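Read the structure below first, then the notes.
Computed from a prediction, not measured in an experiment: that's the story for all the values here.
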Amino acid sequence: MAVDPYTVLGVKRNASQDDIQKAYRRLAKKFHPDLNPGNKQAEEQFKEVSAAYNLLGDTDKRARYDRSEIDASGTERPQQRFYRDFAEGGSPYASDAGFADFAADDILSQFFGREGRTNIRMRGSDVHYRLELDFLDAINGGKRQITLPDGSILDVNIPPGTSDGQVLRLRGKGRPGMGGGRPGDALVEIEVRPHRIFTRKGDDIHVDLPISLSEAVLGGKVRVPTPSGSVTMTLPKWSNTGTVLRLKGKGVPRIDGSKGDEFVTLKVMLPEKPDPELEKFVARWQGAYSPRQAMEA
């Protein structure tokens with residue numbers, strides 16, 4: 001059941017149109033959604049205040065409400081014969097007062113017409129979602145879907161290079177507007193799951209690449225994984241553990257169409273199982289190099 005509009009605006013039933021206008025201005029400023037972001041209670045109170053003023057701010061509607069011809073929501077009530085006694089009478093609330101003094105209000109002026117009537121046109125509220133993505137899906141982009149509580153489907157386009165914590169805005173996919181106002185937006189926060197070998201730093205990709213002892217000494221061609229697929233990389237002779245090689249343009253896509261780089265850190269790995277031949281070779285090798293020389297000084 002709709003609340004009595006006089007009670008909502010906090011005015012007496014014999015209040016002037018000017019008093020009603022002032023009460024509405026005060027309450028509208030207090031509860032306006034732009035001044036209370038995320039406050040659902042304030043949003044509902046703003047709607048109640050606006051609906052009350054929509055009725056009482058219109059002298060014809062106010063007179064009909066006072067005569068019980070319409071209820072607080074503006075709905076027609078069953079006519080009774082004694083209402084005809086008032087049918088030809090002039091409205092005691094007629095007024096030429098306008099809203100010229102209110103036109104400068106930055107927040108609320110858009111809600112009023114020239115005759116002081118409320119013309120509610122409010123943007124719908126935004127809705128927030130969270131979407132988990134695999135690492136490579138965030139880097140390469142694609143399409144995903146979110147199933148909403150009502151069972152409907154929200155299609156989400158993932159731009160290439162999307163990062164963890166990034167918020168994608170889907171315009172017009174939020175709550176419907178009020179009074180013909182445009183709908184709100186859907187804000188989708190992205191959570192990127194870690195990858196087992198790749199690490200992202202800004203627009204660059206980092207990966208550790210195990211190489212064998214023979215590859216480290218002799219060099220050659222090796223296959224290196226990248227987010228867009230494996231590529232061949234030339235390994236210099238005498239490549240040591242910790243050596244970093246760069247694959248230009250194999251990193252994260254950027255908005256301008258360019259890409260970051262991939263940095264490959266080499267790790268020399270011995271065979272998992274002991275190799276007797278390798279042991280014999282190393283035993284015969286009379287190398288004088290000591291990797292701990294700097295520590296001994």
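- Counting only residues at least two apart or on different chains, the side chain to side chain donor-acceptor pair (under 3.5 Å) pairs with a member in residues 216-237 are Lys221-Thr234, Arg223-Thr232, Thr226-Ser228.
- For residues 130-142, every residue pair satisfying the salt bridge (Lys or Arg N to Asp or Glu O under 4.0 Å) rule, not counting sequence neighbours, is listed here: Arg130-Glu189, Arg130-Glu191, Glu132-Arg193, Asp134-Arg193, Asp137-Arg144.
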Inset, instruction - Under the side chain to side chain contact (heavy atoms under 4.5 Å, CB included) rule, what do Asn240 and Trp238 come out as? Steps first, then yes or no, please. - result: CA-CA 6 Å; Asn240 212 338; Trp238 294 99; over 6 Å; no

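- By the neighbour-count criterion of 12 heavy atoms within 6.0 Å, atom CD of Glu279 is densely surrounded, having more than that number from other residues, nucleotides or ligands.
- In this structure, the separation between CD1 on Ile190 and CG on Leu133 is 4.5 Å, given to the nearest 0.5 Å.
- You'll find the side chain of Ile139 stays beyond 4.5 Å of the side chain of Pro160, heavy atoms only.
- Here Leu209 contributes atom CG and Glu262 contributes atom CD; the two are 9.0 Å apart, rounded to the nearest 0.5 Å.
- Taken from CD in Gln21 to CZ in Arg26, the straight-line distance is 13.0 Å, to the nearest 0.5 Å.
- A salt bridge is absent between Lys40 and Glu44: the closest approach of a Lys/Arg side-chain nitrogen to an acidic carboxylate oxygen does not fall below 4.0 angstrom.
- Applying the ring-ring contact (aromatic ring centres under 6.0 Å, His included) criterion to His206, with sequence neighbours excluded, gives Phe263.
- In this structure, Ile153 CD1 and Ile146 CD1 are separated by 9.5 Å, a value rounded to the nearest 0.5 Å.
- Taking the side chain as every heavy atom from C-beta outward, Lys22 and Arg25 never approach each other to under 4.5 Å.
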Name each donor-acceptor pair under 3.5 Å that joins a side chain in residues 247-258 to protein atoms two or more places apart or in another chain, with its distance.
unit_1, atom_1, unit_2, atom_2, d
Arg254, NE, Asp203, OD2, 2.9
Arg254, NH1, Ser258, OG, 3.1
Arg254, NH1, Lys259, O, 3.0
Asp256, OD1, Ser258, N, 2.9
Asp256, OD1, Ser258, OG, 2.6
Asp256, OD2, Ser258, OG, 3.4

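- Without hydrogens or angle criteria, Gln17 side chain to Leu56 main chain gives a donor-acceptor distance under 3.5 Å.
- Side-chain atoms of Asn140 come within 3.5 Å of backbone N or O of Leu136 as a donor-acceptor pair.
- Here CG of Asp126 is found 4.5 Å from CG of Leu187. Values are rounded to the nearest 0.5 Å.
- Atom NZ of Lys61 and atom CG of Asp66 lie 14.0 Å apart (nearest 0.5 Å).
- Sorted by first and then second residue, the salt bridge (Lys or Arg N to Asp or Glu O under 4.0 Å) pairs with a member in residues 207-218 read Asp208-Lys267; sequence neighbours excluded.
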Inset, instruction - Mind running side chain to side chain contact (heavy atoms under 4.5 Å, CB included) on Val207 and Thr265 for me, showing each step along the way? - result: CA-CA 6 Å; Val207 64; Thr265 301; over 6 Å; no

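- A continuous path of hydrophobic side-chain contacts links Leu218 to Leu278 [ILVMFWY only; heavy atoms under 4.5 Å].
- Annotation: side chain of Tyr53 is not in contact with side chain of Pro5 (no heavy-atom distance under 4.5 Å).
- Nearest heavy-atom pair, Ser239 versus Ile211, reported as atom, atom and distance to 0.1 Å: O-CD1, 4.2 Å.
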Show me the side-chain donor-acceptor pairs of residues 166-175 shorter than 3.5 Å, one per line, residues at least two apart or across chains.
unit_1, atom_1, unit_2, atom_2, d
Gln166, OE1, Ser163, N, 3.0
Gln166, OE1, Ser163, OG, 3.4
Arg169, NH1, Asp185, OD2, 2.8

Inset, instruction - Kindly indicate, with the supporting measurements, whether the criterion side chain to side chain contact (heavy atoms under 4.5 Å, CB included) is fulfilled by Gln45 and Leu27. - result: CA-CA 9 Å; Gln45 288 177 294; Leu27 293 172; over 6 Å; no

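- Taking all atoms of both residues into account, the shortest heavy-atom contact from Pro225 to Phe198 is O-CE2, 3.5 Å.
- Within the 4.5 Å cutoff, side-chain heavy atoms of Leu245 are placed close to those of Pro236.
- Contact between Phe135 and Thr199 at its shortest, heavy atoms only, is CZ-C, 4.3 Å.
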Legend entry - CA sep, side-chain torsions, deciding dist, call: Arg64, Asp60, salt bridge (Lys or Arg N to Asp or Glu O under 4.0 Å): CA-CA 6 Å; Arg64 295 193 66 200; Asp60 292 335; over 6 Å; no

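- The minimum heavy-atom distance between Leu235 and Leu266, with the atom names listed, is CD1-CD1, 3.5 Å.
- Remark: the Arg13 side chain and the Tyr65 side chain contain no N/O donor-acceptor pair separated by less than 3.5 Å.
- Residues Asn39 and Ala42 share a closest heavy-atom pair of OD1-N, 3.0 Å.
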Inset, instruction - Take Phe31 and Phe46 through the ring pair (Phe, Tyr, Trp, His ring centres under 6.0 Å) test and state the conclusion after the steps. - result: CA-CA 5 Å; Phe31 297 121; Phe46 178 76; 8.5 Å; no

Inset, instruction - Decide side chain to side chain contact (heavy atoms under 4.5 Å, CB included) for Val264 and Val244; before the verdict, give the C-alpha distance in whole Å, the side-chain angles of both, and the deciding distance to 0.1 Å. - result: CA-CA 5 Å; Val264 183; Val244 179; over 6 Å; no

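- Two different hydrophobic clusters hold Met269 and Leu213 under the rule that ILVMFWY side chains link at heavy-atom gaps under 4.5 Å.
- Ion pairing between Arg200 and Asp204 fails under the 4.0 Å rule for side-chain N and carboxylate O.
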